[in-house]
Structures are given as structure tokens and as C-alpha cells.
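Reviewing the structure listed below.
The figures that follow rest on heavy atoms only: side chains count, while hydrogens, waters and symmetry mates do not.
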Amino acid sequence: MKTRHLFASLIVAAVAMTNALPATAQQTPEEWIALGRRVHGGFGTFIRVGIRIGQGAKKRLDAGPRDLAVTYHDSDKAPCACVSDGIMIATTASPGQRSLAISPQKAPDGAMAMAVIRHKRTGKALRYPVAKAWLLRLAQWNRTLDERG
């Protein structure tokens, strides 16, 4: 239940993200959208969720650029690893730096994805499950909302 509440909070924050980014964000909503399009080929709710996860991890782990390592667990339920691209955009972790990896291990039961984000220097890590129950809602929002919606 606690995970469901956390994820619901992340979704609400992700939807609101493009209207009011936190003061610590260096990108405008338009820049987040442009980054999502350039990196992923489009910008939608799954990218937004990833950006929010990445921003939250950076804040909670007091991390700067290149401080974080991400292990992303996908599932057969996810349309693709869109959330990981959002996390990459927000954290600057990347496969090219060997700081973002897609794990061959699947996300745990009940999750369409899970990100484990670790501060490389301190070793402190956070787990962010993305509930399967939200898959249909996120897909529906992608069909009905504009990129800033």
C-alpha cells in the first residue's frame, strides 16, 4: 500500500511537472519536452514519470551531475523502457558513461518497471517501483493530453 501511495504521488507530481518545475530544475518545461523528443523520439507521461523519479533521487541523495548510477528493471507489461529515458534526462546517468544499465532481471511482481538509483560516492540507494496498475492510466493520458498537459 505504501508503494502505491508513493507512486500515486509521483504521478500527480509528474502531470504537474510541466506547469511548475521546482526551483532546482535547470530546464524549462519546453526544454524537458525537447530533451524527451531528442532522446526518446517523443515526450509523454512515461518520460515525465522518469524525470520526476530522477529529480526526486537527485534531491534525496544530494547528488550532482555524474554522481548517480541507475539500474532499470523493465517488464513485459511496459511498452518500452520510456521511464528509463526520463531518468537518464534528469540524472545525466547514461549507458555511454556506464552509469545507467537496463537489467536483465525483470521488475518485481506488481511493477511494470523499477529503478534502483545509487549515489556512487556514498553508496546510498533508493528503489522506485512503477506499479503495473498505472500502465493503462499513463497510456490513456498519452492519448488525451498535450505534452504540457
Side-chain angles (χ1 to χ4, degrees), residues 1-75 77-95 97 99-103 107-108 110-120 122 124-149:
M1 188 67 165
K2 187 175 183 181
T3 299
R4 184 181 297 168
H5 185 284
L6 171 63
F7 187 70
S9 297
L10 283 171
I11 293 298
V12 170
V15 171
M17 169 190 118
T18 55
N19 292 328
L21 288 171
T24 59
Q26 295 187 8
Q27 282 78 23
T28 66
E30 290 75 20
E31 289 170 327
W32 284 122
I33 292 167
L35 282 167
R37 283 185 190 147
R38 187 173 35 215
V39 170
H40 187 73
F43 187 85
T45 57
F46 295 94
I47 300 290
R48 289 177 184 166
V49 168
I51 289 171
R52 273 304 199 196
I53 287 171
Q55 287 179 316
K58 280 179 67 175
K59 183 176 181 179
R60 289 179 63 196
L61 295 171
D62 192 26
R66 297 186 176 231
D67 283 347
L68 299 176
V70 178
T71 303
Y72 184 82
H73 302 265
D74 209 12
S75 76
K77 299 295 181 192
C80 60
C82 308
V83 175
S84 68
D85 284 347
I87 293 170
M88 181 174 71
I89 290 168
T91 64
T92 68
S94 75
Q97 295 175 33
S99 56
L100 186 142
I102 306 295
S103 175
M112 71 169 214
M114 181 179 68
V116 178
I117 303 175
R118 179 184 54 81
H119 195 291
K120 291 191 266 186
T122 68
K124 186 175 177 182
L126 302 169
R127 298 168 69 89
Y128 289 90
V130 181
K132 281 183 189 175
W134 283 91
L135 184 60
L136 292 176
R137 173 72 66 119
L138 291 170
Q140 179 185 26
W141 285 343
N142 273 341
R143 288 189 299 273
T144 59
L145 295 178
D146 64 23
E147 291 173 329
R148 281 190 57 113

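In this structure, L126 and H119 have side chains that are not in contact, with every pair of non-hydrogen atoms separated by 4.5 Å or more. A heavy-atom distance below 4.5 Å is found between the side chains of M88 and P95. You'll find the side chain of K120 stays beyond 4.5 Å of the side chain of D67, heavy atoms only. Counting heavy atoms from C-beta on, the side chains of V130 and I53 come closer than 4.5 Å. Side-chain contact check for R66 versus S99: every heavy-atom pair is 4.5 Å or farther apart.
The two residues V116 and M114 have their closest heavy-atom pair at CG2-CE, 4.0 Å. Contact between I102 and A81 at its shortest, heavy atoms only, is CD1-CB, 4.4 Å. Residue Q55 comes nearest to A90 through the heavy atom pair N-CB, 3.8 Å, listed as atom of the first residue, atom of the second, then distance.
Applying the side chain to side chain donor-acceptor pair (under 3.5 Å) definition to pairs two or more places apart or across chains, those involving residues 82-95 are H40-D85.
Considering SG of C82 and CG of L138, their distance stands at 10.0 Å, rounded to 0.5 Å.
No side-chain N or O of R137 forms a donor-acceptor pair with one of Q140 less than 3.5 Å apart.
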> Could you go step by step and tell me if V49 and R52 meet the side chain to side chain contact (heavy atoms under 4.5 Å, CB included) rule?
Replying inline: CA-CA 5 Å; V49 168; R52 273 304 199 196; 5.8 Å; no

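With respect to L100, the side-chain contact (heavy atoms from CB on, under 4.5 Å) criterion is satisfied by exactly one of V70, I117, T71: V70.
Panel note: side chain Y72, backbone I87; no donor-acceptor pair is recorded below 3.5 Å.
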